[in-house]
Amino acid sequence: MSQKIFNTKTRKKEVFQPIEEGAVGMYVCGITAYDVCHVGHARAAVVFDVIFRHFRARGYRVTYVKNFTDIDDKIIDRANREGVTITDITDRYIRLHDEDMAALNVLAPTITPKATEHMADMITLIRTLEEKGIAYAVDGDVFFAVGNYPAYGGLSGRNLDEMMAGARVDVNDKKRNPLDFVLWKKSKEGEPSWESPWGAGRPGWHIECSAMSRRYLGDTFDIHGGGEDLVFPHHENEIAQSQAATGKPPVHYWIHNGFVKINAEKMSKSLGNIFPIREIIRQYHPEVLRLFMIQSHYRSPVDYSDTALRETRTALIRCYTALRQMKDLRAQSGGAGDAAGAAAGGYAKRLNDLAEKFDAALDDDFNTAQALGFVFEAARLINTVTTAEKKMPAAAKLAVCNAAAARFAHFGAVLGVFQSDPDEFFRADRSLEAAKRGLDIPQIESLIRDRDKARAEKDWSRADDIRRELAAMNILLKDAAGETFWSIE
RNA sequence: GGCGGCAUAGCCAAGUGGCUAAGGCAGCGGUCUGCAAAACCGUUAUUCUCCGGUUCAAAUCCGGAUGCCGCCUCCA
């Protein structure tokens, strides 16, 4: 089974052919470090994290580069407003970014370069373009001449004439063509600047990615990713710069993730509907947000809402419930179990089939939604064995659970979910929900103890009174063999 | 104005030429249970926005209509 990838450049699903057998070079546009990360960043991060994880699970050696843009107008604005240096700003938001990513179980990329640490690479690239007559300097600024690069527009499916007709381009007297874009920008008084052959200035936005991807992955590499909004102009310009400089196409496969909408509206500062990751995970377990992202295909738009997250939480609880049953069963009866018994029920084979289908779904353009379907089927299978199967011998159940545990470890490792111990997960979930509703956990647990006592004495009416009292607080009780399990809502 | 995408059950969401149209949430009936809950079983789209066409065969391909959305300006 070969990997397939939808390539933005050709708008087709293509069979992935790595440049070097068994290896993948992947560059993804990271954040501009001037504010905290929001749901949109979470989606991009999770999407490419799963791609990274899947490639590794399939045995590829992956070099995953994700940059930080740490010099930019927005950063300068913020630094000026706060009266601090741009490094104060970028250090702060890179740190917060790293915290958020860790919370979401996003693996650290192989290399996380910063623009400001690659000035020499950028200047070299711009000089090359200048020497080739594709860039021109005017009064300390350097522009890329789109007219001298005939393939311009190849990624986004536009051509120069159409764009000229569109006319929504900014007016700048220095540019020869309104569509020319800046490679190097002369610094104004008091702005951060770097020395260059064109005087003190700073790089344009697009050049950093051309320079850094080339530095770490070479003139041509396998995969370049980012949000769909980056297709034009950012990635279009990146291709133009790189290819004009090196004479080679920089990227074989372009992957772009879809946007997150908020309650069916575009997320924007003016609508005030930006949800920072750190705010969301105060309300929901981080795996809820993560599962929410992988429930749909990475290219479709997703609509974020509290209702959607609540439903996702219920689905995640379903999985953790299965994992908890499995854990309990394995704890009660240790050992290898009866493999023949597991095989007899057909369970071992079904688990095996599901695991194969799971991997195949991800091979097909990273279809996490489809893969998740098989995960839920596996969860049902576990529940059947642990709770519904009445006549199955314990040793056979144990063997199924052992096999299922290995499968779930794989699902979890690739999707980046199910990373908590089930008891830990429910504890965290209860405490989040209790905090949201202002409920007092020790008080709840004391009521449950009272009820357990009443039940032991077969005082059913007292037990039911307590159940009703707790139900009024949205507390749900589940009487199990030894103890009463509870959850909120 | 230019470029592109999407339309599948009450809701979310896979499926892109041919087995019974995944899966999740919600609902209903049952099993289990002191009562519950969870779990399991069954059930909820004879049909994939609409109209034409291609084909032995289409949700899936082609043409058209309608509706929604994104990009073209900083943006994951």
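Labels below follow one simple rule: chain letters A, B, ... track the order of the sequence lines, proteins then strands, and each chain is numbered from 1.
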hbond_proxy A:Asn367 side chain to B:G15 base (donor-acceptor, 3.5 Å cutoff): no
OP1 or OP2 of B:A39 versus the side-chain N and O atoms of A:Arg318: is any pair under 4.0 Å? yes
Hey, mind stepping through A:Phe68 and A:His97 against ring pair (Phe, Tyr, Trp, His ring centres under 6.0 Å) and telling me if it holds? CA-CA 10 Å; A:Phe68 286 110; A:His97 163 275; 4.9 Å; yes
Does the side chain of A:Asp306 come under 3.5 Å of the side chain of A:Tyr284 through a donor N or O and an acceptor N or O? yes
Nearest to the A:Met267 side chain among B:A76, B:C25, B:G4, which nucleotide is it? B:A76
As a test of reading the structure: which of B:G34, B:A22, B:A26 is closest to the side chain of A:Glu377, going by heavy atoms? B:A22
When you get a sec, tell me which of B:G23, B:A37, B:G34 is the closest nucleotide to the side chain of A:Leu476? B:A37
Rounded P spacing from B:A22 to B:U43 in Å: 12 Å
Checking contacts here: which listed nucleotide (B:C71, B:G24, B:A14) is nearest the side-chain heavy atoms of A:Asp229? B:C71
Reading RNA chain B from 5' onward, which residue's closest nucleotide shows up sooner: A:Ala44 or A:Gly157? A:Gly157
Please state whether the base of B:C35 and the side chain of A:Asp479 form at least one donor-acceptor pair under 3.5 Å? yes
Base, sugar-phosphate alone, or nothing: which one does A:Gly40 contact when heavy atoms must sit under 4.0 Å apart? base
Check: A:Arg43 side chain, B:A76 base, donor-acceptor under 3.5 Å: no
Under 4.0 Å, counting only non-hydrogen atoms across every strand here, what does A:Arg451 touch: a base, just sugar-phosphate, or nothing? base
Taking the C1' atom of each, how far is B:A7 from B:G64, in whole Å? 16 Å
Can you say whether the rings of A:His256 and A:Trp254 are parallel (under 30°), tilted (30 to 60°) or perpendicular (over 60°)? parallel
Nearest of B:A13, B:G70, B:G4 to any side-chain atom of A:Ser296? B:A13
Would you say a side-chain N or O of A:Arg380 is under 4.0 Å from OP1 or OP2 of B:C41? yes
By the 4.0 Å heavy-atom rule, please label A:Val260 as base, sugar-phosphate, or nothing. base
What contact category does A:Ala369 fall into here, base, sugar-phosphate, or nothing, at under 4.0 angstrom with non-hydrogen atoms? base
Short side-chain N/O contact from A:Trp205 to OP1 or OP2 of B:C75, under 4.0 Å: yes
Got a second to check how far A:Asp359's CG is from A:Asp364's CG, nearest 0.5 Å? 13.0 Å
More 5' along RNA chain B: A:Pro301 or A:Lys390, using each one's nearest nucleotide? A:Pro301
Could you tell me how far B:A26 sits from B:C12 if I compare only their C1' atoms? Round to whole Å. 11 Å
With a 4.0 Å cut-off on heavy atoms, is A:Ser156 in touch with a base, just the backbone sugar-phosphate, or nothing at all? sugar-phosphate
Tell me whether the centres of the aromatic rings in A:Tyr304 and A:Phe275 are closer together than 6.0 Å. yes
Is the closest basic N to carboxylate O distance between A:Arg350 and A:Glu377 below 4.0 Å? no
Are any of A:Lys266's side-chain N or O atoms less than 4.0 Å away from OP1 or OP2 of B:C71? yes
Nearest of B:G34, B:C71, B:C40 to any side-chain atom of A:Ala388? B:C40
So A:Arg455, base contact, sugar-phosphate only, or nothing? Heavy-atom distance under 4.0 Å. base
Distance check, P atoms only: B:A37 and B:G18, in whole angstrom units. 42 Å
Rounding to the closest angstrom, what is the interatomic distance between B:C75 and B:C69 at atom P? 24 Å
B:G2 and B:U73: how far apart are their C1' atoms, nearest whole angstrom? 15 Å
B:C50 and B:C25, which share atom name P, separated by this distance in whole Å: 28 Å
Length of the NZ-P vector between A:Lys261 and B:C75, whole Å: 22 Å
Of the listed nucleotides (B:A76, B:A26, B:C71), which one gets closest to any side-chain atom of A:Phe232? B:C71
Once you round to the nearest 0.5 Å, how far does OH of A:Tyr27 lie from SG of A:Cys209? 3.5 Å
Report the distance from atom NE2 of A:His235 to atom P of B:C74, rounded to the nearest whole Å. 14 Å
What is the distance, rounded to the nearest whole Å, between atom NZ of A:Lys458 and atom P of B:U33? 14 Å
So, A:Phe259 and B:A76: ring centres less than 5.5 Å apart, planes less than 30° off, yes or no? yes
What's the CG-P distance between A:Leu362 and B:A14, to the nearest Å? 14 Å
Within the structure, does a side-chain N or O atom of A:Ser300 lie under 4.0 Å from either OP1 or OP2 of B:A14? yes
Phosphate-side-chain proximity, A:Asn383 and B:A38, N/O vs OP1/OP2 below 4.0 Å: no
A:Trp460-B:G34 aromatic stacking (under 5.5 Å, under 30°): yes
Could you please name the option among B:C71, B:A37, B:C35 that lies closest to any side-chain atom of A:Arg158? B:C71
Candidates B:A38, B:A76, B:A39 - which lies nearest the side chain of A:Lys478: B:A38
Looking only at atom P, what distance separates B:G17 and B:A76, rounded to whole Å? 35 Å
Tell me whether A:Arg427 is salt-bridged to A:Asp423, with the criterion being a basic N under 4.0 Å from an acidic carboxylate O. no
Just verifying a value: how many Å separate A:Arg43 CZ and A:Leu289 CG, rounded to the nearest 0.5 Å? 11.5 Å
Nearest whole Å is fine: how far is B:G2 P from A:Leu179 CG? 17 Å
Looking at every strand, decide which applies to A:His234 at a 4.0 Å heavy-atom threshold: base, sugar-phosphate, or nothing. nothing
